[in-house]
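The structure appears right after this line, and notes come after that.
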Amino acid sequence: MLSLSNGLLGLHLLGAAISFGLVLGAGVALVRRATQQYLFWIRSIALAAVYQIVTGVGLALLMAFQTSVLSVCVRLAVYLVIVCGVETVLVYRLKKTEVIIRPRT
């Protein structure tokens, strides 16, 4: 189990680095008001968030003897507040520019 948890930890940390880069990129797009890029950042951050939540919960389950449920929930809540905050700003700015969001058919 130790090697599996180490591998999952490595994947989770890699995902964290990628997520950080995505949030930074979205921040740059927001500052530059690059509205044509907002949809890309919204989708990318959402996909990274799902990946991080899945690997984080898997890691918490594998290391259940080392961490409490409360600490996992607190870390998950902090992460979700950050991701939802960035996503909210992106969606607000996207709608403010009157760009129509259409699902792909």
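Hydrophobic clustering of Ile, Leu, Val, Met, Phe, Trp and Tyr side chains at less than 4.5 Å, counting indirect connections, unites L13 with L4. With hydrophobic clusters built from ILVMFWY side chains whose heavy atoms lie under 4.5 angstrom apart, I45 does not share a cluster with F20. In terms of hydrophobic clustering, with Ile, Leu, Val, Met, Phe, Trp and Tyr side chains grouped at heavy-atom distances under 4.5 Å, L22 and L14 are assigned to a common cluster. In the hydrophobic clustering of ILVMFWY residues, with side-chain heavy atoms under 4.5 Å counting as a link, I42 and I18 come out together. V74 is not connected to Y79 by any chain of hydrophobic side-chain contacts under 4.5 Å among Ile, Leu, Val, Met, Phe, Trp and Tyr, and they are in different clusters.
Across all non-hydrogen atoms, the minimal contact from E87 to A46 is OE2-N, 3.5 Å. Between S19 and Q52, the closest heavy-atom pair is OG-CG, 3.5 Å. Minimum heavy-atom separation, G58 to L8: C-CD2, 3.5 Å. Heavy atoms only, all atoms of each residue included: S71 and S68 are closest at OG-O, 2.9 Å.
To the nearest 0.5 angstrom, Y51 atom OH is 4.0 Å from L11 atom CG. Note that OG1 of T55 and CG of L62 are 11.0 Å apart. Values are rounded to the nearest 0.5 Å. One distance of note links CG of L90 with CG of L30; it measures 4.5 Å at 0.5 Å rounding. Taking CH2 from W41 and CZ from R93, the interatomic distance works out to 15.0 Å, rounded to the nearest 0.5 Å. In this structure, the separation between CG on L59 and CG on N6 is 9.0 Å, given to the nearest 0.5 Å. Separation of atoms CZ (R75) and CG (L80) is listed at 13.5 Å; rounding is to 0.5 Å.
With contacts defined as side-chain heavy-atom distances shorter than 4.5 Å, the pair V89/Y92 does not qualify.
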